[in-house]
Amino acid sequence: MFLVLLVFYTAWASPFEFGFLQKPSIKVLAIADNIVNAFFAIDIILTFFVAYLDKKTYLLVDDQKQIIWRYLKTWFTFDTISTIPSELVLKILPDHVHAYGFFNMLRLWRLRRVSNMFSRLEKDRNVNYFFIRVFKLVCVTLFSIHCAACFYYLLAVNYPNPERTWIALTMTENFEKENLLLRYVTSMYWSITTLATVGYGDLHPVNIREMIFGVFYMLYNLGMIAYLIGNMTNLVVHRTSRTRDFRAKLQAASSFGQRNKLPVRLQDQMIGHLCLKYRADSEGLQQQEILESLPKAIKSSISHYLFYELLDKVYLFREVSNDLLFQLVTEMKAEYFPPREDVILQNEAPTDLYVLVHGAMELIVKKNGIEEVVKDVKAGDVCGEIGVLCYRPQFFTVRTKKLSQLLRLNRTVLLSLVQANVGDGAVIMNNLLEHLKGNDDPMMQTIVSDIEKMLAQGQTDLPLGLCFAAARGDEPLLKRGLDPNERAMKDRTALHIVAANGNENCVALLLAYGSDPNIKDLEGNVPLWDAIMGKHPESLIKLLIDHGATLTSGYVPHYACYAIEQDDLGLLQEIVRHGGDVTLPKRDGSTPLHAAVTDGNTSIVKFLLEQGADVDKYDDNRFTPRTLADFQGNEEIKALFEVKEETSQQSLDLLAGLPEKKIVNSSSLKKYSSTGTLHLNGISIVPELCQTQEHPRSRPNAFQNSLFGFVTAATRGETSTGGTSFTNSTMTSTQSCRVILKCPAKSEVSKLVKLPSTFQELLEIGGKTFGCYCTKLIYAQGAEVDEIECIRDGDQLSLICDNADQ
């Protein structure tokens, strides 16, 4: 841009020096010319290091050799000649050659930079296009006038008879001695009057040279004036052309309505739609046209940003997968409708459904020729869904009440997306039925009955599976011969759903069709646990057990922790009664006893201890139930632990007195459970379980049954069997060690701190914690600690202070 400013100077100085100066007599111009040439010489050097865009491949070329070779073949010669100083040219060429002005004219080669600049500015959205065009026309006109004035004066200066020149008409034959400014202004005056075609009067060609130049200049003026007038006309008319076309369309629409004797309401709707389209074009409301012109990725991102939150709140798409919701947002078309315009007509073909973004609409039913408003539609509501999903003629006329923006979704697109996301069709249909059942309108209840009959007969295009029938308890739909182990959201099967709902008839029906009674969902739940957790009749639970259902096939530690969270001792006892081991640890190493101690539930802690829970079992954070009880200061639980420890010690003493062979062979003293727990006279010894020995639960996947779900599972390194995916990685913990610090002077206070890297830092932490100067650390047993490596996780340390008072 800086060089472009220098080009403007060159555009004025070069023709001026060519016409009015025979040598660099004006020192200011000479100095300015050399300074400008120096800048362009620097630009020549820098050009050898600037990458360029290949016009054939449209790739950026940054290879040094290719850059140099291209510049040498193209503009290097002209750029170099245009930067040669005029003083050097005068010394090389003969005196009779008009070298000074000639070489100055070669510098006009730089004007190509101005042309490129205007091309960029015309495309720059930050610059007003109208003013850039006007400025360009002004620059072209002034440059043409300036050049013509300089050339015309040069003809007069070089003519043999000065008296026979155009400028001698107003000056003497010695006009070269007149003031330079006066001569320049006179030449400009002639050029402007000739260009504007208001001459000739006081100044006109005299000799043959001037006449020939005048002829060519006026021919040039014809094209120049046509160029100026044409551009100015386009700039002015462009702003009014849309209005002219709009008025022509309005007139044509009015004539069409009158000629065909259309009702006044239809004519008003036509006029209103055309007015809205004009308003959209003039006020930038043509949203869909802009989106359609963009690549799919950008269009999807914009649609997601604008409408995802709105669509997520629509009742019809509640709880559908994120995959489907994202695809729906991308495929929906945003449209504007003026007030009092029909969006959907009653009894028309079900091709589209609409979601109202903003505005207001109403549902209208026509009975006996009279229109009756059924419901008002507000922002976020959906209309036309009954006709689209059930493939029935539209039940209502949908009419706007004011200017409204709607999202339109084609029925074919909706069905194709649902086919690619198995399970979402059942969710959508279930949402529709629940919404209609919540409406007290008798007409809506009639529609619900019709839809249920259609579903029972299988007359639907949505992929409604067994889980949809199970959620509704529809026994006829369960008998359609579908896969009895079909999975839905979170890998829930139909047996999970009916067991959780307590529907004994449907459970028996599914088990008869071959449903797996021990199949797990993504949370590790089995149908038997769903029935127990729902506290359904014992007959339902017995039905599952009789068909081979076991609680141990699920994730029992999760069940036990859930019962503890709910403070439900009865549910915990039910788990034990049905064979569940409530002493097993979870994947993070914590046991149900950890959870019970944390909650401070004494009765549950006592029950878990009776079942053989280990009070010294570490979790991944290196905490034991005993440590948690000490930290919380729960005396009742600590007392239970002491009783447990005394009982365990007595049992071990009893075992120590028996012969080794008898211990090994005695089935009454030794018993292994299916989980690997060793029971010795009521004492359960639970071995440490490696994380790799457990079957880790995979991350919940909302699109596991779709094509996208399988691809995603493959990229994560997961395997999928029957719709359930499990990760192969294991979870590890890198928690730092923690110790409990006590001060003898403040025996009632103890602090759990993170173990630092050095022994001195641990002393400083203790001093800051208890407000004393600590010099030693001793174990609870009395041994002194002198190295940080001797301290283990969970140790209890006492601080020894320097002063006796402390």
(request) Take the angle between the ring planes of Tyr184 and Phe20 and call it parallel below 30°, perpendicular above 60°, tilted in between. (result) perpendicular

(request) Check whether any side-chain N or O of Thr83 sits under 3.5 Å from a backbone N or O of Thr80 as a donor-acceptor pair, and report yes or no. (result) yes

(request) Working to the nearest 0.5 Å, report the span between CD of Gln327 and CG of Asn322. (result) 11.0 Å

(request) Name the orientation class of the two ring planes belonging to Tyr152 and Phe213 (parallel below 30°, tilted from 30 to 60°, perpendicular beyond 60°). (result) parallel

(message) Please determine whether side-chain contact (heavy atoms from CB on, under 4.5 Å) holds for the pair Leu306 and Val357, giving the CA-CA distance in whole Å, both sets of side-chain angles, and the decisive distance to 0.1 Å.
(response) CA-CA 10 Å; Leu306 293 176; Val357 180; over 6 Å; no

(message) If you define the side chain from C-beta out and look only at heavy atoms, does anything of Met332 sit under 4.5 Å from Leu409?
(response) yes

(request) Would you confirm whether Asp312, through its side chain, and Tyr308, through its main-chain N or O, come within 3.5 Å as a donor-acceptor pair? (result) no

(request) Give me the ring orientation class for Phe76 and Tyr71: parallel if the planes are under 30° apart, tilted from 30 to 60°, perpendicular past 60°. (result) perpendicular

(message) For the backbone of Trp166 and the side chain of Glu210, can you confirm whether one donor and one acceptor N or O come within less than 3.5 Å of each other?
(response) yes

(message) Determine whether the aromatic ring centres of residues Tyr217 and Trp190 are separated by less than 6.0 angstrom.
(response) yes

(message) Could you work out, with salt bridge (Lys or Arg N to Asp or Glu O under 4.0 Å) as the rule, every residue matching Arg120, not counting sequence neighbours?
(response) none

(message) Is it the case that the side chain of His146 and the backbone of Pro15 share a donor-acceptor pair, with hydrogens and angles ignored and the cut-off at 3.5 Å?
(response) no

(message) In the structure I gave you, are the side-chain heavy atoms of Phe49 and Ile67 within less than 4.5 Å of one another anywhere?
(response) no

(request) Would you give the length of the straight line joining atom CG of Leu111 to atom SG of Cys139, rounded to the nearest 0.5 angstrom? (result) 11.0 Å

(message) Which heavy atom of Ile225 sits nearest to which heavy atom of Leu195, and what is that distance?
(response) CD1-O, 3.2 Å

(request) Please report the shortest heavy-atom distance between Met117 and Met1, naming the atom on each side. (result) SD-CE, 4.0 Å

(message) Does Lys136 have more than 12 heavy atoms from other residues, nucleotides or ligands lying within 6.0 Å of its NZ?
(response) yes

(message) If we ignore hydrogens and angles and just use 3.5 Å, is the side chain of Asp43 paired with the main-chain N or O of Phe39 as donor and acceptor?
(response) no

(message) Is there a side-chain contact between Phe317 and Val382 in this structure, where contact means two heavy atoms from C-beta onward sitting under 4.5 Å apart?
(response) no

(message) Return the CG to CZ distance between Asn128 and Phe135, rounded to the nearest 0.5 Å.
(response) 13.5 Å

(message) If I compare all heavy atoms of Pro756 with all of Ile765, which pair ends up nearest, and what's the gap?
(response) CG-CD1, 4.0 Å

(request) Would you please name every residue forming a side-chain hydrogen bond (donor to acceptor under 3.5 Å, both in side chains) with Asn231, sequence neighbours left out? (result) Arg133

(request) Work out which heavy atom in Arg164 is nearest to a heavy atom in Asn207; give both atom names and the distance. (result) O-ND2, 2.7 Å

(request) Output the distance between atom CG (Leu324) and atom CG (Leu328), rounded to the nearest 0.5 Å. (result) 4.0 Å

(message) If we ignore hydrogens and angles and just use 3.5 Å, is the side chain of Ser303 paired with the main-chain N or O of Thr330 as donor and acceptor?
(response) no

(request) Could you go through the side-chain contact (heavy atoms from CB on, under 4.5 Å) check for Arg107 and Asn37 one step at a time? (result) CA-CA 9 Å; Arg107 293 168 186 168; Asn37 291 337; 3.1 Å; yes

(request) Report yes if some heavy atom in the side chain of Phe48 is under 4.5 Å from a heavy atom in the side chain of Leu72; otherwise report no. (result) yes

(request) Compare every heavy atom of Tyr9 with every heavy atom of Val36, then report the nearest pair and how far apart it is. (result) CG2-CD2, 3.7 Å

(message) Does the plane of the ring in Tyr354 sit parallel, tilted or perpendicular to the ring in Phe337? Use 30° and 60° as the thresholds.
(response) perpendicular

(message) Within this structure, what is the OG1-CD1 distance for the pair Thr47 and Ile42, rounded to the nearest 0.5 Å?
(response) 11.5 Å

(request) Identify whether NZ of Lys or CZ of Arg in Arg183 sits under 6.0 Å from the centre of the six-membered ring of Tyr153 and within 45° of that ring's axis. (result) no

(message) Does atom OH (Tyr52) have a neighbourhood of more than 12 heavy atoms from anything else shown, all under 6.0 Å?
(response) yes

(request) Could you check if a side-chain atom of Leu414 sits within less than 4.5 angstrom of a side-chain atom of Leu417, using non-hydrogen atoms only? (result) no

(request) Heavy atoms only: give me the nearest Thr412-Asn410 pair and the separation to one decimal. (result) N-OD1, 2.9 Å

(message) Checking the side chain of Glu341 only, and the main-chain atoms of Leu403 only, is there a donor and an acceptor separated by less than 3.5 Å?
(response) no

(request) Give a yes or no on whether Tyr227 atom OH has more than 12 heavy-atom contacts from other residues, nucleotides or ligands under 6.0 Å away. (result) yes

(request) Answer yes or no: is there an ion pair linking Lys296 with Glu331, defined by an N-O contact shorter than 4.0 Å? (result) yes

(message) More than 12 heavy atoms of other residues, nucleotides or ligands under 6.0 Å from CZ of Arg113: yes or no?
(response) yes

(request) Could you check Val314 against Leu311 for side-chain contact (heavy atoms from CB on, under 4.5 Å), going step by step and ending with a plain yes or no? (result) CA-CA 5 Å; Val314 174; Leu311 210 62; 4.2 Å; yes

(request) Please identify each residue that fulfils side-chain hydrogen bond (donor to acceptor under 3.5 Å, both in side chains) with Tyr220, with sequence neighbours left out. (result) Ser144

(message) Taking the basic N atoms (NZ, or NE/NH1/NH2) and the acidic carboxylate oxygens, is any pair closer than 4.0 Å for Asp79 and Arg112?
(response) yes

(message) Within the supplied structure, the quantity of interest is the number of heavy atoms (other residues, nucleotides, ligands) at a distance under 6.0 Å from Glu761 CD; does it exceed 12?
(response) yes

(message) Do Arg110 and Leu3 make a side-chain contact, defined as non-hydrogen atoms from C-beta onward lying under 4.5 Å apart?
(response) no

(request) Go through Thr193 and Leu203 one step at a time and tell me if the side-chain contact (heavy atoms from CB on, under 4.5 Å) criterion holds. (result) CA-CA 9 Å; Thr193 56; Leu203 297 177; over 6 Å; no

(request) Please round to the nearest 0.5 Å and tell me the distance separating atom OG1 of Thr400 and atom CG of Leu406. (result) 8.5 Å

(message) If you define the side chain from C-beta out and look only at heavy atoms, does anything of Phe307 sit under 4.5 Å from Val355?
(response) no

(message) Between Ser187 and Cys150 (side chain of the first, backbone of the second, donor and acceptor by atom type, cut-off under 3.5 Å), is there such a pair?
(response) no

(request) Spell out, as yes or no, whether a donor-acceptor pair under 3.5 Å connects the side chain of Ser119 to the backbone of Ser115. (result) yes

